[in-house]
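For reference, the structure discussed in these notes is given below.
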There are 2 protein chains.
Amino acid sequence: MYRISELAKRCGVNKETIRYYEKRQLLPLPTRTEAGYRLYSDADAKRIQFIKRLQQLGFSLTEIHQLLGIVDQDKERCANMYEFVSKKVEEVQKQIKDLQRVVCMLQDLQKRCPDDKALYECPMIETLIEEEFST
Amino acid sequence: MYRISELAKRCGVNKETIRYYEKRQLLPLPTRTEAGYRLYSDADAKRIQFIKRLQQLGFSLTEIHQLLGIVDQDKERCANMYEFVSKKVEEVQKQIKDLQRVVCMLQDLQKRCPDDKALYECPMIETLIEEEFST
DNA sequence: ATAAACCTTGTACTAAGGTACATAGTCAAG
DNA sequence: CTTGACTATGTACCTTAGTACAAGGTTTAT
């Protein structure tokens, strides 16, 4: 068991971030020393790494809280899991499609870059505005 | 030529957003009536639609300002365009890879959802944490 | 001529996801 | 027995991308 600074160092996050996650209920209330210092274990470190990984992957802290319902075997949060996950799958698939279009646009731009005139003549606005929004 | 409310209505944005874009230099300083009212044309409407579209695609207002350098034929912003675009391409390609992994994870989760036990035994944490971060 | 509906500016507020600081208590070493 | 390094709490501040509002000037309609 170690204190907050040690946990922060191990996870590469700020101490205040850990307190913030506690407030957001992403971390369980830690045990305390007699003086009131928070005490953590490797399970907490693993949980923080999980949170950070999901965050990198584009989940909000609210969504991560929902997903942690599985880890915590929480009936309430798990009850809505199927709907939540289905929605998120669709959302992410749409996002992937959009990003693939962004890559195409950027690569076209990249090819034009060495030549100023080609750049200025780039049909970027028309390309993007006149397409239907992907649904 | 029309005033700010008309432009806002045509573009489906808030009037304050237009003033905010002006302050952020995403829109040029508009001409004014004698009383000081801003006057806009269809070119401004098109520009706002472009901004909104890029925003949907995940660009920040700062990035959009850079890209508008092409539209404005601005030497300074265009000078850094190749580097900017190259970086963004890599970034977005990494993001696509990450999101594809997210979809797989979520679809696995989705399959387990009807069965509580399978859900609780879901190796989500291990799956995500123990993988190398895609670089 | 006067109210309603617009416009101007500036400032303050929102949400998310933190970071930083002020003040006070705790603990180990010299 | 006090200094330095830690921790606690609460509050304030940061960024991004806006939104809302107050106080005042302008335009339009009756």
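Throughout, protein chains are lettered first and strands after them, A, B, ... in sequence-line order, and every chain is numbered starting at 1. Everything numeric in this text was worked out from a predicted model, so none of it was measured.
Tested against A:Y20, the residues A:E22, A:E16, A:R24 include a single side chain to side chain donor-acceptor pair (under 3.5 Å) partner, A:R24.
In the region residues 32-43 of chain A, proximity to DNA chain C at under 4.0 angstrom, judged on heavy atoms, holds for A:A35, A:Y37. Near-neighbour residues of DNA chain D inside residues 2-15 of chain A, defined by a heavy atom below 4.0 Å, number-ordered: A:R3, A:I4, A:S5, A:K15.
Under a cut-off of 6.0 angstrom, the local environment of CD in A:E83 is sparse, with at most 12 non-hydrogen atoms contributed by other residues, nucleotides or ligands. Applying the 6.0 Å contact sphere to CD of B:Q100 captures more than 12 heavy atoms from other residues, nucleotides or ligands. Open room surrounds CD on B:Q25; 12 or fewer heavy atoms of other groups in view lie less than 6.0 Å from it.
Here the C1' atom of nucleotide D:dT9 and the NZ atom of A:K23 are 11 Å apart, to the nearest Å. Computed from coordinates, the B:R24 CZ to D:dT15 C1' distance equals 10 Å when rounded to whole Å. Atom NE2 in B:H65 sits roughly 16 Å away from atom C1' in D:dT16 (whole-Å rounding).
Of the N and O atoms on the side chains of B:Q49 and B:K46, not one donor lies less than 3.5 Å from an acceptor on the other residue.
For the pair A:E6 and A:R10, the salt-bridge criterion is met [side-chain N within less than 4.0 Å of a carboxylate O]. Using a 4.0 Å cut-off between charged nitrogen and carboxylate oxygen, A:K94 and A:E91 do not count as a salt-bridge pair.
Annotation: cation-pi geometry not satisfied between A:R38 and A:Y2 (NZ/CZ under 6.0 angstrom from ring centroid, within 45° of ring axis). Remark: A:R53 fails to qualify as a cation-pi partner of A:F59 under the 6.0 Å distance and 45° angle criteria applied to the six-membered ring.
Scanning DNA chain C 5' to 3' for nucleotides with an atom closer than 4.0 angstrom to a non-hydrogen atom of chain B gives a first and last hit of C:dC6 to C:dG10.
Comparing B:R19 and B:T62 by the nucleotide of DNA chain D whose heavy atom lies nearest to each, the residue mapping closer to the 5' end is B:T62.
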